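For ligands, and for the atoms within them, numbers begin at 1 and follow the listed sequence. Nothing here was measured: the structure is a model prediction, and the numbers come from that model.
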Amino acid sequence: MSDLVFIEGLKAKAVIGVYDWEKIIQQDLLLDLEMEHDNRLPAATDDLSKTLDYEAISNYILAYCLEHQFELIETLAERLLTDLAATFQLQAVRLVLRKPAAVAAADAVGVKLYRRFAH
Ligand SMILES: Nc1nc2c(c(=O)[nH]1)N=C([C@H](O)[C@@H](O)CO)CN2
């Protein structure tokens, strides 16, 4: 399936990092998501409940980042995707998670994941 619902440049806040100073501050994260779905069903019904609601998913991600604390962005990315897939019945998702301020000489650093889920 090559149809996608996507979210680009979602700005989240999280307490994240391996160093002590990072455990007492919130830092900015930037997320891009591509979620595979079949566009024909929502298009045939014009019904929000038949698609992946990018607003609901964005709000879920923002809350998840605020409510969970990890050292590695790898951990956040993996657990977030597992939760998202279960909550929104995602079939397959590509995630880019950037930590823009982590390396001063770089525009951003981060992780890119692609996961397929069986429901
Ligand atoms: N692959 C990773 N490398 C690093 C991470 C990380 O989460 N994944 N984290 C840090 C520090 O927390 C850094 O962001 C502080 O600026 C270093 N390397």
Student: Salt bridge check: are Lys11 and Asp28 linked by an N-O gap of less than 4.0 Å?
Tutor: no
Student: Using links of under 4.5 Å between side-chain heavy atoms of ILVMFWY residues, direct or through other members, which residues join Val103 in one cluster?
Tutor: Val109
Student: Give a yes or no on whether a salt bridge exists between Glu22 and Lys99, defined as a side-chain N under 4.0 angstrom from a carboxylate O.
Tutor: yes
Student: Can you sort out the partners of Asp47 under salt bridge (Lys or Arg N to Asp or Glu O under 4.0 Å), two or more places apart, ordered by chain and number?
Tutor: Lys50
Student: Side chains of residues 87-98: which donor-acceptor pairs under 3.5 Å do they make with residues two or more places apart or in other chains?
Tutor:
unit_1 : atom_1 : unit_2 : atom_2 : d
Thr87  : OG1    : Tyr60  : OH     : 3.3
Thr87  : OG1    : Asp83  : O      : 2.8
Gln89  : NE2    : Ala86  : O      : 3.2
Gln91  : NE2    : Gln89  : O      : 3.4
Arg98  : NH1    : Asp32  : OD2    : 2.8

Student: Does any part of the side chain of Ser2, heavy atoms only, come nearer than 4.5 Å to the side chain of Glu36, both counted from C-beta?
Tutor: no
Student: Can you produce the list of protein nitrogen or oxygen atoms under 3.5 Å from a nitrogen or oxygen of ligand 1, alongside each distance?
Tutor:
unit_1   : atom_1 : unit_2 : atom_2 : d
ligand 1 : 1 (N)  : Glu74  : OE2    : 2.7
ligand 1 : 7 (O)  : Ile73  : N      : 2.9
ligand 1 : 8 (N)  : Glu74  : OE1    : 2.9
ligand 1 : 8 (N)  : Glu74  : OE2    : 3.4
ligand 1 : 12 (O) : Val18  : N      : 3.1
ligand 1 : 12 (O) : Glu22  : OE1    : 2.7
ligand 1 : 12 (O) : Glu22  : OE2    : 3.4
ligand 1 : 12 (O) : Lys99  : NZ     : 3.3
ligand 1 : 14 (O) : Lys99  : NZ     : 2.8
ligand 1 : 16 (O) : Ala102 : O      : 3.3

